[in-house]
Amino acid sequence: EKFLKPYNPKTAEEEVYRREEESGLFNPDKCVEKGFTKADALTFSIVLPPPNVTGTLHVGHALMLVVQDILIRYKRMRGFRTLWLPGTDSAAIATQSKVEEILYKEEKKTRHDIGREELLKRIDKFTEESKAIIISQLKRMGSSLDWSRYAYTMDEPRYLAVMEAFVRMHKAGLIYRGDRIVNWDPKMQTTVSDEEVERVEQKTPFYYFKYGPFTIGTVRPETKFGDKYVVMHPNDDRYKEYSHGQQLNLEWINGPITATVIKDEAIDMEVGSGVMTITPAHSGIDFEIAKKHGLDSEQVIDEKGILLPIAGEFAGVHIKKARPAIVEKLKSKGLLVKTDNNYVNTVATNSRGGGIIEPQIKRQWFVAVNKPFVIEDSKIPGIASGSSLTLRELMRKAVEAGGIKIMPDNFEKVYYHWIDNLHDWCISRQIWFGHRIPVWYRDQEVYCGTKTPEGAGWEQDSDTLDTWFSSGLWTFSTLGWPSFAETATEGRPGPENDLANYHPTAVLETGYDILFFWVARMILMSGFHLGEVPFKTVYLHGLVRDGKGQKMSKSLGNIIDPVEMIDKYGADALRLSLIIGNTPGMDLKLSEDRIRGYKNFANKIWNIARFVLENTEGRTPEKPESISPAGEETLKIFKTTLSEVTGDIEEYRLYMAAEKLYHFVWHEFADKIIEESKKILRGEDIEAKSEIKYILYTILSDCLMTLHPFMPFVTEEIYSSLPGNKNLLMVSPWPHKE
RNA sequence: GCGCGCUUAGCUCAGUUGGUAGAGCAACGCUUUUACACAGCGAAGGUCGCAGGUUCGAGUCCUGCAGCGCGCACCA
């Protein structure tokens, strides 16, 4: 029959997934209803980190899907009420720029030409189309996601959750609007959070200028027009003669000015001359100094990077052009002391493909991470109900006291390090696509609520929220919060009880590169809104690189396309190649050779099945009354493997579980047990024959079960051909019991 | 500057509480009587980055050094 040909994943996979999906058993309620899972069984839940709607599946997605699907399929087979919830992310800024790009390419128009409404319409259309692509790709990996609970960050329930979360945090005083220095991207015309800023090293000339009796150093002469405060350390003996508040008249770029001496500990005496002038409007540290001493500041550069009238003759010029001209002018005035051309500066850029960040003072919305609040009802270990703490402390304690375990554990240190350096989170963005800030203004009135206030003349804040704000709610906005927050009941079926049944989720599995962006924000949001951790375990996977260890990128042409690999070698092969040899937190070097190797393994399993089926004549062999010592020994080796593999999965050592199974199946089962069985099967000893048939069949059947989480397709396909199996392998009980 | 990793066979990596080094791939030899050539059998390949220390015993624990990588950082 079909086993006579080599295993062909292409024909098998589509059919297997269809059968599994149509069974409805990806939905835990269905599993209970059909009697595969006990109604009072423990739950196990994972929410899928939602892929970008506009994207296509990349190999990093493939990795995350495999890890999660293995855990999910395993727990389902172990009898847990197992939920894996799918979704997609609107990825505000990334999506909008993509659509804007297309708009410009095809129609030579900008968003301002077509307006907010029209742009949003086009984005909706675009995301609808791409959504289907990404979903079909998720399925091709074999992901046993409960599609009946599919969520999208911009759909109605999620939108409502975002509004509600904002309003509650605003009420608690943890969201405020303030004039602060922010990371402004002049190219994209929006603020970005600290996490989105990427620092790029760049050789930049470092200029030393005469500033009255001092020498000051800078890489940014174009900001210096408004500098009228000169700051030095109070303990710097070189500048003892100058006192705080002292005024000096000196010659500067556009003529004589009066400068004021400021003494502040923030100055590092070792750097440059130990003296600097400050530009509070365009530098974070300068802003802090100015705030501390109550100094005034003036904007020098506008939102597009153009110099303002304060620059005198340079007004209206872009900073990039102005810089050399300003240096030239200072030089001609004899104020340039020297230029260091070997200085390496770190330039802040917007990592989302934006421009060079220009710090600006702007009125924006922030989440206060250092402001204490009272947590009414806390289920987080280490945090007592009714205690007062800051969001920063909440995020730290949730991990410190063991409420959340991060794997590998060295990332806990990375997490703490980030928390210790944390500043208020700027959440407003000046883009159109996203969750709009639920605040309305009328004259001097400000209203914050989930719905438009009554009465005429209210104008909604035009900004949208950082996409990670809504992502932070993901573990519970997908489970019915806030609509069913009060009524959800544990033990009852149905999505309206999900919050009680499945939150906190068991595991969050994601890449270490979004530990701060996302993982930390989820802990913050879940902690504040539910008094709970969002997940008990964080499993961080590494980056998938090419065979040489380089990052995959279009320009290098080294991208491994998971869909193409599935077409060539099958999803099972791709899955194994992403698991074996991949430890959490470590980058994985993936080459096509590896994937090919595991295709051979799928075929090996196929042939083992063929051999066993041929020799058992299409029947399930019965268990012999007694088993010979040799047979017992064989079964014992297998049992040991099963027990080890089970332990490895429980401890999240998936790479080891998979490798042990691979090794057992190929080098024990195929190379030894089957080889040795041939002698017996050809022999005349009837009892020995029926015993070996039983052993072969048992091991094959149990191997299919244990391999199933790792290789769902080939195992399900073979299992369906075993005599007497009417149910799907995905809901068969796990063969090893503790 | 602060922090976190990595360094083990040609390549990619395992090595869970310290007990005389493992796997996959590649390469080499043999085998087309075999469930499977998408295969089998066999052989080869490592002073576990370097230097100290703890220990009866160190790839594993401690200290220092070197090389590589990454993260964070408002150094003018």
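Computed from a predicted structure; not experimentally measured. Side-chain atoms are counted along with the backbone in the values below, which use heavy atoms only and exclude waters and symmetry mates. Note on naming: letters A, B, ... go to the chains in the order of the sequence lines (proteins, then strands), and numbering restarts at 1 for each one.
A cation-pi arrangement is not found for A/Lys599 relative to A/Tyr569, the charged atom failing to lie both closer than 6.0 Å to the ring centre and inside a 45° cone about the ring normal. A cation-pi arrangement is absent between A/Lys224 and A/Trp252, since the terminal nitrogen or guanidinium carbon is not both under 6.0 Å from the aromatic centre and inside a 45° cone about the axis. At least one cation-pi condition fails for A/Arg575 and A/Tyr598: the charged atom is not both under 6.0 angstrom from the six-membered ring centre and inside a 45 degree cone around its axis.
OP1 or OP2 of B/C13 has not a single side-chain nitrogen or oxygen of A/Thr583 nearer than 4.0 Å. Contact annotation: A/Asn582 side-chain N/O to B/C13 OP1/OP2 distance is not under 4.0 Å. Distances shown here put a side-chain N or O of A/Trp666 below 4.0 Å from the OP1 or OP2 atom of B/G40. Close to B/A76, at under 4.0 Å from its OP1 or OP2, lies a side-chain N or O of A/Tyr343. In this structure, A/Tyr652 does not reach the B/U16 phosphate: none of its side-chain N or O atoms is under 4.0 Å from OP1 or OP2. Side-chain N/O atoms of A/Arg199 include one lying less than 4.0 angstrom from OP1 or OP2 on B/C74. Put simply, A/Arg610 has a side-chain N or O that comes within less than 4.0 Å of OP1 or OP2 on B/C36.
Base pairing in RNA chain B gives the following stems of 3 or more Watson-Crick or G-U pairs, range against range and under 3.5 Å: B:1-7 with B:66-72, B:10-13 with B:22-25, B:28-31 with B:39-42, B:49-53 with B:61-65.
A salt bridge does not link A/Lys589 to A/Asp546: none of the charged side-chain nitrogens sits closer than 4.0 Å to a carboxylate oxygen. Taking a cutoff of 4.0 Å between a charged side-chain nitrogen and a carboxylate oxygen, A/Lys405 and A/Glu412 do not qualify as a salt bridge. Taking 4.0 Å as the cut-off between side-chain N and carboxylate O, A/Arg220 and A/Glu358 count as a salt-bridged pair. Using a 4.0 Å cut-off between a side-chain N of Lys or Arg and a carboxylate O of Asp or Glu, A/Asp296 and A/Lys228 qualify as a salt bridge.
Counting any heavy atom pair closer than 4.0 Å across all strands shown, A/Phe287 reaches no nucleic acid atom. Residue A/Ile267 is classed as a base contact, given a heavy-atom separation below 4.0 Å to a base. Using a 4.0 Å heavy-atom criterion, one finds that A/Asn615 contacts no nucleic acid atom at all. Counting any heavy atom pair closer than 4.0 Å across all strands shown, A/Asn345 reaches sugar-phosphate atoms only and no base atom. A/Gly217 comes within 4.0 angstrom of the backbone, heavy atoms only, and of no base. Using a 4.0 Å heavy-atom distance criterion, A/Phe516 is classed as a sugar-phosphate-only contact. In this structure, A/Arg653 reaches the bases: a heavy-atom distance under 4.0 Å links it to at least one base atom across the strands shown. Residue A/Glu675 is in base contact, counting any heavy-atom pair closer than 4.0 Å across all strands shown. No engagement by A/Tyr512 is indicated, since no non-hydrogen atom pair under 4.0 Å with the nucleic acid exists. Heavy atoms of A/His667 sit under 4.0 angstrom from primed sugar atoms or phosphate atoms, though from no base atom.
In this structure, the side chain of A/Thr191 engages the main chain of A/Ser428 through a donor-acceptor pair within 3.5 Å.
Proximity of A/Val300 to A/His282: side-chain heavy atoms (C-beta onward) are separated by under 4.5 Å at one or more points.
Among B/C38, B/G40, B/G24, the nucleotide with an atom closest to any side-chain atom of A/Asp671 is B/G40. Closest to the A/Glu659 side chain, of the nucleotides B/G15, B/A23, B/G24, is B/A23. Closest to the A/Ala670 side chain, of the nucleotides B/C41, B/A35, B/A76, is B/A35. Side-chain proximity of A/Ile608 to the nucleotides B/C36, B/A23, B/A35 is greatest for B/A35. Of all nucleotides listed (B/A73, B/C36, B/C74), B/A73 comes nearest to the side chain of A/Asn421. Considering only the side chain of A/Thr346, B/A73 comes nearest among B/A76, B/C36, B/A73.
To the nearest angstrom, C1' of B/A73 lies 12 Å from CD of A/Glu201. Rounded to a whole Å, the NZ atom of A/Lys660 is 12 Å from the C1' atom of B/A23. Rounded to whole Å, atom P of B/C13 lies 11 Å from atom CG of A/Asp546. Computed from coordinates, the A/Lys5 NZ to B/A35 C1' distance equals 17 Å when rounded to whole Å.
Side-chain atoms of A/Lys604 and base atoms of B/C36 include a donor and an acceptor less than 3.5 Å apart.
Side chains of A/Glu650 and A/Tyr74: a donor on one and an acceptor on the other come within 3.5 Å.
Using cut-offs of 30° and 60° on the angle between ring planes, the pair A/Phe206 and A/Tyr343 is tilted.
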Considering only nitrogen or oxygen atoms on both sides, find all protein atoms under 3.5 Å from nucleotides 2-11 of chain B and state each distance.
unit_1, atom_1, unit_2, atom_2, d
B/C4, O2', A/Asn410, ND2, 3.2

